[in-house]
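Data first, discussion second: the structure below is written as structure tokens.
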Number of protein chains: 2
Amino acid sequence: MHEQPSPTHQPLYQQVYRMLLDRLASGDWSPGELLPSETALAQLYGVSQGTIRKALDTMAAERLVVRHQGRGTEVAKHDSERSLFQFWHLYDEDGSRRIPSSKVLECVRTTARAGEARQLNLRRGAPVVRIRRCRYIDGRARIIERITLPAERFPGIESHGKALPNTLYALYQKQYRVTIQTAIEKLRAVKADQNDAESLGIEPTTPLLEIERVALDLEDEPVELRVSRCETNQIHYKNILD
Amino acid sequence: MHEQPSPTHQPLYQQVYRMLLDRLASGDWSPGELLPSETALAQLYGVSQGTIRKALDTMAAERLVVRHQGRGTEVAKHDSERSLFQFWHLYDEDGSRRIPSSKVLECVRTTARAGEARQLNLRRGAPVVRIRRCRYIDGRARIIERITLPAERFPGIESHGKALPNTLYALYQKQYRVTIQTAIEKLRAVKADQNDAESLGIEPTTPLLEIERVALDLEDEPVELRVSRCETNQIHYKNILD
DNA sequence: CAGTGGTCTAGACCACCGC
DNA sequence: CGGTGGTCTAGACCACTGG
């Protein structure tokens, strides 16, 4: 199934990748479900199995999909495992890491501030849900978080109130069909303000690591803004460059 | 060229990858040089071109090698481009980044402290070279760095004194045949001490972003320890999770 | 133009899973 | 056991590079 050369020629396996991605984003298959087999997809799209394989391998590398020899290719699902390995960079001094517990301090519907609107690609004053929570590692408050969500993508999420689950990305995916695929983080060192100091039980002016994260869905639309402030005496942010 | 199944069976393309990596590490080919063509390598190792391709694609993904259609496969070379894209995460507020200029404050041969020895996999008191330098963005001092090198891997490097070049990884590669392949960074927020404050022209106790980096060579041996302290009012550390 | 890597195909055999 | 993905091969054609 070759194609004639043309000005906009894209390799077949990239076209297939695009088509599969679109079907994923549109919810044709649900997280945890098995895709059709490689041979079935090859027939469906009229290409060879090798071409399908190359597209699926790319998707596996991007964690859109998980391959299981002998079983099939599964649509990636958000659980605490994935949150840990893809989206969690805070480590204890001993090198271990785990998702901390959380206490929701506030969860309200309100309107976007200028900065939030810009980062979430909303108009100013658009409805948003703002969550503030404190996170605990080894039973001690270490992180204070402020999360902003576009209300239209998460209708009624504020009704969870303080009972919001700890692993939010799984909730986004299961309840709102929003899959977090990428995140862009900006890190800075800042002084704790009065609020931070009280919540974390530290002196004001203690240096904190501020992590500002914009999370994107399958179509690279921003769907969550999260600002975390961390006390880094016992923990650190680890990044591997390769 | 199939192989009989055995308890320690590894796929052919991984065996080829290993062999090519070993030859790279031992300096059989120099950075910037072209490898033999895929067909030549296939003959050499007695496997098909597809198997060679899979090994080389892996190496390309790890930036060990750069592929050029119509020209050949080149051994990756360290230059300011690569330093920027693989090892530089500090961005201006406008989203741009460039390698800052540097002024060497100190460059001396001495002995490893306990922490340095541990991180560089040396015995305590082993000879090391310690470099301190200040880095400038837009003409303003923003980063203070302390670099520790195992003296045995970089004989005589201290003789460069304050004339050390700005892009050190290129120097390591060209002059000492040490290629930096990976780096592990730990980030924390700290208070500026008296020294930091003077060098950066800020108040003591200003919060700084501390980046502690251990750089590894092709064989995953630690070869450089670098602690950078950054003033993050105008710049931030950017990380993409995907 | 000859030679390189990039794409695509077809088919063989293997390792693994679930029934 | 049949069906899945994983490995490996052989060969065709294309796009690009350099002389």
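The structure presented is a predicted model; accordingly, all values stated were derived computationally and were not measured. Just so it is clear: chains get the letters A, B, ... in the order the sequence lines come, proteins before strands, and each one is counted from 1.
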Examine D/dT4: is either OP1 or OP2 under 4.0 Å from a nitrogen or oxygen in the side chain of A/Arg71? Give yes or no.
-> no

Below 4.0 Å: OP1/OP2 of D/dG5 and any side-chain N or O of A/Thr73 | yes

Rounded distance in Å - CG (B/Leu12) to C1' (D/dT7) = 8 Å

Protein-nucleotide distance (A/Ile52, atom CD1; D/dG5, atom C1'), rounded to Å = 14 Å

Spacing of B/Glu74 atom CD relative to D/dG18 atom P, expressed in whole Å | 11 Å

Considering just the side-chain nitrogens and oxygens of B/Lys54, establish if one lies under 4.0 Å of OP1 or OP2 belonging to D/dT7.
-> yes

With A/Glu62, which residues qualify under side-chain hydrogen bond (donor to acceptor under 3.5 Å, both in side chains), at least two apart?
-> A/Tyr17

Can you check whether A/Thr51 has a side-chain N or O nearer than 4.0 Å to OP1 or OP2 of C/dT9?
-> yes

Grab the CD-C1' distance between A/Gln49 and D/dC8 for me, whole Å please.
-> 13 Å

Give a yes/no answer on whether the side chain of A/Arg53 brings an N or O atom under 4.0 Å of OP1 or OP2 in D/dG5.
-> no

Verify the contact: side-chain N or O of B/Tyr13 to OP1 or OP2 of D/dC8, cut-off strictly under 4.0 Å; return yes or no.
-> no

D/dG6 OP1/OP2 closer than 4.0 Å to side-chain N/O of A/Arg67 | yes

Mapping A/Gly50 and B/Gln69 onto DNA chain C by nearest heavy atom, which one lands closer to the 5' end?
-> B/Gln69

Donor-acceptor side-chain pairing of B/Glu185 and B/Tyr237 below 3.5 angstrom | yes

Rounding to a whole Å, what distance do you find between A/Tyr17:OH and C/dT7:C1'?
-> 18 Å

Taken in chain and number order and not counting sequence neighbours, the residues that satisfy side-chain hydrogen bond (donor to acceptor under 3.5 Å, both in side chains) with B/Ser37 are B/Thr39

Could you check which residues of residues 29-39 of chain B get a heavy atom under 4.0 Å from DNA chain C? Sort them by number, please.
-> B/Ser37, B/Glu38

Under the 6.0 Å and 45° cation-pi test, does A/Arg97 pair with A/Phe85?
-> yes

When B/Asp217 is tested against each of B/Arg153, B/Gln181, B/Arg177 for side chain to side chain contact (heavy atoms under 4.5 Å, CB included), which residue passes?
-> B/Arg153

Provide, to the nearest angstrom, the distance between the CD atom belonging to A/Gln43 and the C1' atom belonging to C/dA10.
-> 14 Å

Check: A/Gln15/A/Gln10 side-chain N/O donor and acceptor closer than 3.5 Å | no

Residue B/Glu93 excluded, over 12 heavy atoms near CD under 6.0 Å = yes

